[in-house]
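A note on names: the letters A, B, ... follow the listed sequences, proteins ahead of strands, and every chain is numbered from 1.
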Protein chains: 2
Amino acid sequence: MLLTPKWTSMVIYVLSFGPLRTGQLQRSMPGISKKMLTQTLRELEADQLLSRKVHQVVPPAVEYSLTELGQKFVEPLLALYDWAEANFVLLDKVERNRAASGQAEIVEDESEALPLS
Amino acid sequence: MLLTPKWTSMVIYVLSFGPLRTGQLQRSMPGISKKMLTQTLRELEADQLLSRKVHQVVPPAVEYSLTELGQKFVEPLLALYDWAEANFVLLDKVERNRAASGQAEIVEDESEALPLS
DNA sequence: CAGCATCCCATAAGATACTG
DNA sequence: CAGTATCTTATGGGATGCTG
């Protein structure tokens, strides 16, 4: 899948603001390792969501930018982020929710037969 | 994250059509193991995206349904699915794209200085 | 029927060192 | 600066058997 890897959606999001060089990308995503950054970028490139431009200079300068397809992905991605933000899910609300109750509802049935199909 | 586990989004999707019992859920998702089904359901329950109702009968009958929060999640999720379908990404277009070209663009620069910040 | 526990394997991901 | 290679660990996930 496209969203299961840890960093893919974040790369798309960060690049949605404009093209970035490798180092800038890494600094935009605290915690990502160089290995995972490269790997994620290669996969997204293979999926044609971003393009990679190599400037033949020393030291090397590589610029990443979203393709048309990648830009089309930004909107549904933001829809997801908006939902998360609106419901504090990526923040700490869920943690607090987890802490609180959360028991399964027990339904006392009269019959011993299966009530559902 | 909420989307990284393999089955979470599918559970939400399947339940978006209405409440289901455990076995019905499993049959709705070919390939899911009982273990992962239970695990996924527990996590989504902890995140308050679905609720679990236990009917006290023999044999046991457990019904899962989306909470308000879970239902709010359906829309952005479908937006994502729509994008995927529109771009054949979950199908085979990507595979064909991967097969074809996909080389990084080489930009021939005159200078040896860094052209980008 | 629904769920839990256990064992095992595949993959994701982090750390580190090295190259042009 | 950008990238590769290698090693190690953490996690996800499948298979199976057992319980009320």
> Just how far, in rounded Å, is C1' of D/dG12 from CE of B/Met10?
Replying inline: 15 Å
> Think A/Arg21 has a side-chain N or O under 4.0 angstrom from the OP1 or OP2 of D/dA2?
Replying inline: yes
>> Using the side-chain hydrogen bond (donor to acceptor under 3.5 Å, both in side chains) definition, which of the options A/Arg52, A/Arg21, A/Glu45, A/Lys53 pairs with A/Tyr64?
In response: A/Arg52
>> Side-chain N or O of A/Tyr64 versus OP1/OP2 of D/dC1: is the shortest distance under 4.0 Å?
In response: no
> Given atom CD of A/Gln26 and atom P of C/dA15, what is their separation to the nearest angstrom?
Replying inline: 11 Å
> Would you say A/Arg42 reaches D/dG3's phosphate, i.e. side-chain N/O to OP1/OP2 under 4.0 Å?
Replying inline: yes
> Quick one: B/Glu45 CD to C/dG3 P, roughly how many Å, whole number?
Replying inline: 9 Å
>> Any heavy-atom pair between the side chains of A/Val14 and A/Trp7 that's under 4.5 Å?
In response: no
> Does B/Arg27 place a side-chain N or O at less than 4.0 Å from the phosphate oxygens OP1/OP2 of C/dA2?
Replying inline: no
> In whole angstroms, how far is the P atom of C/dG3 from the CD atom of B/Glu63?
Replying inline: 12 Å
> Phosphate oxygens OP1/OP2 of C/dG3: is one of them under 4.0 Å from a side-chain N or O of B/Thr22?
Replying inline: yes
> Closest approach of A/Leu37 and A/Thr22, non-hydrogen atoms and distance?
Replying inline: CD2-O, 3.8 Å
> Do A/Lys35 and C/dA13 share a donor-acceptor pair, side chain to base, under 3.5 Å?
Replying inline: yes
> Can you find a heavy atom in the side chain of A/Arg27 that is under 4.5 Å from one in the side chain of A/Leu25?
Replying inline: no
>> Using whole Å, what does the distance between atom P of nucleotide C/dA15 and atom CE of A/Met36 come to?
In response: 12 Å
> Taking CG from B/Leu37 and P from C/dC1, how many angstroms apart are they, rounded to a whole number?
Replying inline: 14 Å
>> Between C1' on D/dG12 and CD on B/Gln39, what's the gap in Å once rounded to a whole number?
In response: 8 Å
>> Of the options D/dG3, C/dA13, C/dC4, whose atoms approach the side-chain atoms of A/Lys34 most closely?
In response: D/dG3
>> In this structure, how many angstroms lie between the P atom of C/dG3 and the NE2 atom of B/His55, rounded?
In response: 12 Å
> Are B/Lys6 and C/dT11 close enough that a side-chain N or O sits under 4.0 Å from OP1 or OP2?
Replying inline: no
> Is the closest side-chain heavy-atom distance between B/Leu20 and B/Ser28 below 4.5 Å?
Replying inline: yes
